[in-house]
There are 2 protein chains.
Amino acid sequence: MQTKQPDLTRDKILQSAFCEIHRQGFQAASIANILQDTGLTKGALYHHFQTKQALGLAVIEEVIKERLEGLIFRPLRESERPVEMLLEIIATIDKKVPSDFVMLGCPLNNLMQEMSALDELFQERLGGVLGVWQKTVEGALKRGQKQGEIRAEVDYKAAALFVVSAWEGCIGVAKNMQSPKAFGTCMKQLHGYVRGLMPAKAEKGRRKGG
Amino acid sequence: MQTKQPDLTRDKILQSAFCEIHRQGFQAASIANILQDTGLTKGALYHHFQTKQALGLAVIEEVIKERLEGLIFRPLRESERPVEMLLEIIATIDKKVPSDFVMLGCPLNNLMQEMSALDELFQERLGGVLGVWQKTVEGALKRGQKQGEIRAEVDYKAAALFVVSAWEGCIGVAKNMQSPKAFGTCMKQLHGYVRGLMPAKAEKGRRKGG
DNA sequence: GCAATTACATACCGACTGGTATGCATGTGT
DNA sequence: ACACATGCATACCAGTCGGTATGTAATTGC
């Protein structure tokens, strides 16, 4: 066992920074808090990350993006019945995610609201993740259209944009109401919207209530 | 003409604070900037507002809420054809609002995302405004239901919650993409969702494309 | 017209911020 | 085994933050 494990140290910083940023926002996130939490010092932190900004960008890329990847992107991409998978994820996301993720909001959305208008690099990175999300939903709808599960006249690009927007909106409003229940209610409506993209036949076949 | 006009001074501070908060967020909003912008001094500001928090709360109540009132709440409440008015507002809001309101985001939503989890008073005030919004849409849908413009089985409370959530979500995503066009596309989908709440007959009667 | 209050301006403060310069110990390549 | 780079700790810094104490001019009440 080594006394110095740079990769572990770096990861500890990233995780702690993620939590601090999730709770306080990026600008209000205190380097000092992260150091206290990890038991490290400024030397360690600024050895691994040149600036606070670089740390924030790394959190986006290596923590937030990866979480979304596992929770949403990958299942959606790999499923052979993408529309059903999308509906499934929308219907169950409120149970799959710890309740403080509703109380504190979506880490991605929080950062977008806070930083997009202030910092170009943040805007690019966040936009990148958002773009992947959108493209993933878009792909699911497109494939669904080929399978006849989405009506032919549906503009799947616009629909995907709306799904992601409404999704984030639901978390945001639920966060302000501090109500996981409202989140569930809201996402159920989004579920209804997506079902509304399906042909009448396929739509009727699905269960109605949540 | 008087040399001291406390009401005007107070208003100048509120307006400037609104802009500063809209641009930077509340925590990053700098008292010094507001003073520089208004040409006043700390003495003046802290005479009218006990703390920065009090200033923020006043901005919510006296600026943000009033703007939404004039732009959305009042028209919706006073219309005799509330569903049409709701659709009208959703369809044209992207033109009625200056483009920097898309680039900088909805002031209400920005503050909700930033402050709701951090400060109880903010959460209450913001939640109050959001509640009015929600109740107003709710009332519009309810009245629409009586008029037969909304299908009887629609859960108008859940639908109203979703409309507001998706609305904010659309602005948020458009802000991150720095794209007023995306805002329009996204709101058109919300328009479609609301139309989907109408009976097939009434829905068909409306124009399809934007 | 005098007293009291209101409406500001000036100067200052402690706390905290992100960031850096320096130093030292551990690990690594040869 | 020695040179060198990496990994991390300590101490310090300039700048900014919100907030306050004090002073003074303008306005108001009587």
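Quick note on labels: first sequence line is chain A, next is B, and so on, each numbered from 1.
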Identify each atom pair where a protein N or O and an N or O of nucleotides 4-7 of chain D are less than 3.5 Å apart, giving names and distance.
unit_1 : atom_1 : unit_2   : atom_2 : d
dG7(D) : OP2    : His47(A) : NE2    : 2.8
dG7(D) : N2     : Lys4(A)  : NZ     : 3.4
dG7(D) : N3     : Lys4(A)  : NZ     : 2.9

Rounded to whole angstrom units, what separation is found between the CD1 atom of Ile13(A) and the P atom of dC8(D)?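 Spelled out: CD1 on Ile13(A) to P on dC8(D) is 8 Å.
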Please report, rounded to the nearest Å, how far the P atom of dC8(C) is from the CD1 atom of Ile34(B).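 For the pair Ile34(B) CD1 and dC8(C) P, the rounded distance is 16 Å.
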Leu14(B) and Val59(B), any side-chain heavy atoms less than 4.5 Å apart: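 Side-chain contact under 4.5 Å: yes.
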Does the side chain of Phe122(A) reach to within under 4.5 Å of the side chain of Leu118(A), using non-hydrogen atoms?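 Not in contact.
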Measure the spacing between CG of Leu111(A) and CD of Gln113(B) and express it to the nearest 0.5 Å.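 Atom-to-atom, Leu111(A):CG and Gln113(B):CD are 11.0 Å apart.
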Would you say the side-chain atoms of Asn109(B) and Lys175(B) include a donor-acceptor pair closer than 3.5 Å?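 No, no side-chain donor-acceptor pair sits under 3.5 Å.
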Is NZ or CZ of Lys52(A) both nearer than 6.0 Å to the six-membered ring centre of Phe26(A) and within 45° of the ring axis?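 Yes.
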Mind listing the residues from residues 54-63 of chain B sitting with a heavy atom below 4.0 Å of DNA chain D? Number order is fine.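 Residues of residues 54-63 of chain B that come under 4.0 Å of DNA chain D do not exist, since none gets that close.
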In residues 154-163 of chain B, what donor-acceptor pairs under 3.5 Å come from side-chain atoms, sequence neighbours left out?
unit_1    : atom_1 : unit_2    : atom_2 : d
Asp155(B) : OD1    : Lys157(B) : N      : 3.2
Asp155(B) : OD1    : Ala158(B) : N      : 3.2

If you measure from the Lys or Arg side-chain nitrogens to the Asp or Glu carboxylate oxygens, is any gap between Glu149(A) and Arg143(A) under 4.0 Å?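 Arg143(A) and Glu149(A): not salt-bridged.
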List, with names and distances, any nitrogen or oxygen atoms from the protein found under 3.5 Å away from nitrogen or oxygen atoms belonging to nucleotides 16-20 of chain C.
unit_1  : atom_1 : unit_2   : atom_2 : d
dT17(C) : OP1    : Ser30(A) : OG     : 3.1
dG18(C) : OP1    : Ala29(A) : O      : 2.9
dG18(C) : OP1    : Lys52(A) : NZ     : 3.0
dG18(C) : OP2    : Ile31(A) : N      : 3.2
dG18(C) : N7     : Lys42(A) : NZ     : 3.0
dG19(C) : OP2    : Tyr46(A) : OH     : 2.8
dG19(C) : OP2    : Lys52(A) : N      : 2.8
dG19(C) : N7     : Lys42(A) : NZ     : 2.9
dG19(C) : O6     : Lys42(A) : NZ     : 2.5

For Leu40(B), answer base if it contacts any base atom (sugar-phosphate contacts may also be present), sugar-phosphate if it contacts only those atoms, and nothing otherwise; contact means non-hydrogen atoms under 4.0 Å.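 If one applies the 4.0 Å heavy-atom cut-off, Leu40(B) turns out to touch the sugar-phosphate alone, with no base involved.
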By the salt bridge (charged side-chain N to carboxylate O under 4.0 Å, His left out) test, which pairs, at least two apart or in different chains, include something from residues 5-32 of chain A?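 Qualifying pairs: Arg10(A)-Glu62(A).
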What do you reckon, is CD of Gln178(A) surrounded by more than 12 foreign heavy atoms closer than 6.0 Å?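 Yes - once you tally the heavy atoms of other residues, nucleotides and ligands closer than 6.0 Å, there are more than 12.
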Going by ring-ring contact (aromatic ring centres under 6.0 Å, His included), name the pairs with one or both residues in residues 33-55 of chain A, residues two or more places apart or in two chains.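 Not a single pair qualifies under ring-ring contact (aromatic ring centres under 6.0 Å, His included).
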